[in-house]
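We name chains A, B, ... by the order of the sequence lines, and we start the count at 1 in each one. What's counted below: heavy atoms across the whole structure, side chains too, no hydrogens, waters or symmetry copies. This one's a predicted model, so the numbers in the text were calculated from it and none came from an experiment.
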2 protein chains.
Amino acid sequence: MDKPAPAKRTRIQREKRELIREAALEVFSQHGFRGSTIDQIAEAAGMSKPNLLYYFKNKEEIFATLIRRLLETWLAPLKEMDEAGDPRTEIRSYIRRKIEMARDYPRESRLFANEILQGAPRILPMLEGELKALVDEKATVIAHWMHAGKLKKADPYHFIFAIWATTQHYADFDVQVRAVLGPVRGGEGRFEDAARFLEGLFLE
Amino acid sequence: MDKPAPAKRTRIQREKRELIREAALEVFSQHGFRGSTIDQIAEAAGMSKPNLLYYFKNKEEIFATLIRRLLETWLAPLKEMDEAGDPRTEIRSYIRRKIEMARDYPRESRLFANEILQGAPRILPMLEGELKALVDEKATVIAHWMHAGKLKKADPYHFIFAIWATTQHYADFDVQVRAVLGPVRGGEGRFEDAARFLEGLFLE
DNA sequence: TTAACGTTTGTCCAAACGGTCAAAATTTGC
DNA sequence: GCAAATTTTGACCGTTTGGACAAACGTTAA
């Protein structure tokens, strides 16, 4: 009789919850939190609203689990940046991974952008905690690389911001990018073009 | 007895409409279109909902006038880029202007970002028309500068995208930037730091 | 077979929302 | 000073929305 509150989930619960998350990602990333309705998500997941609410307590909770998972995905590429590796190779790989994410997971990128735009009401603590700590660490690494003459000297924090901004731009502002590039240059190749351009920009 | 449909507006109408636009910018830029209510805007403007609706037919129309004005502001800095000027000076000025806009008009930037994120439902034609035309023109100018050896060679379209992305990042992702930089480096000086970094990035 | 448990649905509700309207209050032009 | 025009307000309406609930349906394992 209990709602699925504890972690002991049945097979159906695991499947349906995943189905709902997928549908919610689709809807939330297109319309934002307040712009999305439970009905829309339920329909996208192929079930009725009360049925959906059997699996998630409320709209907020669906969004919360989505954001929680998103942050993992989001921090992963930066975490992989290895102090022991070759600086230029590491930066190049990081840019590549970020551009691939913009291409393959644009919905996640937009969801994240949406949340930050609204002032990050639900993830501010994580930005000030986990994210800041990670960036502090990697900024130090980058600073060392620059000091050793392996990279052009610059502010490592703004260097990271610039990589974030430029790569995510191709997911978040995709409509604008395609509108400006037109049907020819705005085709599938645009991500490869972008990657090449960004490598040149950030690595001389 | 007529609603303010024609252009002949009274003093009060001009003042109140401006007041509403200001309030609407505040609210829309924080919550997006669907996340904002007429009541919120009315309260921010210090008037009742029916009173607000005396000046604007509906929510959509408030948003429309805001977006229309926004696009002017938005294209202005790029328009000012002068083929006859010194390339490096022109680019530097453009970056400066964009960073100043991120600092002084973050609400406009967020409103714009919000609209694009949702797929630009209301301004797609303008992106494909006016904006594309302007970028095409300026990309040609930049390409000439690069060809003449005045700037490092790169794809001029992605060059422009990168300037947009990095500068607007400081308005749209301000919360994140401040969270990561912390209270010390995240103070007022962050825009100046950003400007210096970006000049270095884009001009060698 | 059947009892217990898990899942799904139809119905319903209260609050929030966009927007209308007529009447009251105020301002303006003569 | 007054009539006409403009501005403001309170009350109201239909719709959408998030969410509750009990009843019905399905599954599983003793």
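Put simply, CD on Gln13(B) is 8 Å from P on dT6(D), counting in whole angstrom units. For the pair Asn51(B) CG and dT27(C) C1', the interatomic distance rounds to 14 Å; values are reported in whole Å. Glu60(A) has its CD atom 8 Å from the P atom of dG19(D), to the nearest Å. Put simply, CE on Met47(B) is 14 Å from P on dG10(D), counting in whole angstrom units. In this structure, Lys59(A) places its NZ atom 14 Å from C1' of dA15(C), rounding to the nearest Å. Separating the CD1 atom of Ile20(B) from the C1' atom of dT7(D) is a distance of 12 Å, rounded to the nearest angstrom.
Judged by a 6.0 Å distance limit and a 45° cone about the ring axis, Arg103(A) is not positioned over the six-membered ring of Tyr170(A).
Aromatic ring orientation, Phe112(B) versus Trp74(B): tilted (interplanar angle from 30° to 60°).
Less than 4.0 Å separates DNA chain D from at least one heavy atom of each of the following residues of residues 22-42 of chain B: Arg34(B).
Asn58(A) comes within contact range of the sugar-phosphate backbone alone, with a heavy-atom separation under 4.0 Å but no base atom that close.
By the side-chain contact (heavy atoms from CB on, under 4.5 Å) test, Arg185(A) is found to be paired with Leu181(A), Asp193(A), Asp155(B), Tyr157(B), His158(B), residues two or more places apart in sequence or in another chain being considered.
Taking for each of Lys49(A) and Lys16(B) the nucleotide of DNA chain D with the nearest heavy atom, the 5'-most of the two is the partner of Lys16(B).
Of the side-chain N and O atoms in Tyr55(A), none sit less than 4.0 angstrom from OP1 or OP2 of dG6(C). Proximity of Tyr54(A) to the phosphate of dT7(C): a side-chain N or O atom is located under 4.0 Å from OP1 or OP2. In this model, the phosphate group of dT8(C) is not approached by any side-chain N or O of Ser48(A) to a distance below 4.0 Å at OP1 or OP2.
When every heavy atom of Ile91(B) is checked against every heavy atom of Met81(B), the shortest pair comes out as CD1-SD, 4.2 Å. For the residue pair Ala102(A) and Ala171(A), the shortest heavy atom distance occurs at O-CB, 3.6 Å. The shortest heavy-atom contact between Arg190(B) and Gly186(B) is NH1-O, 3.2 Å.
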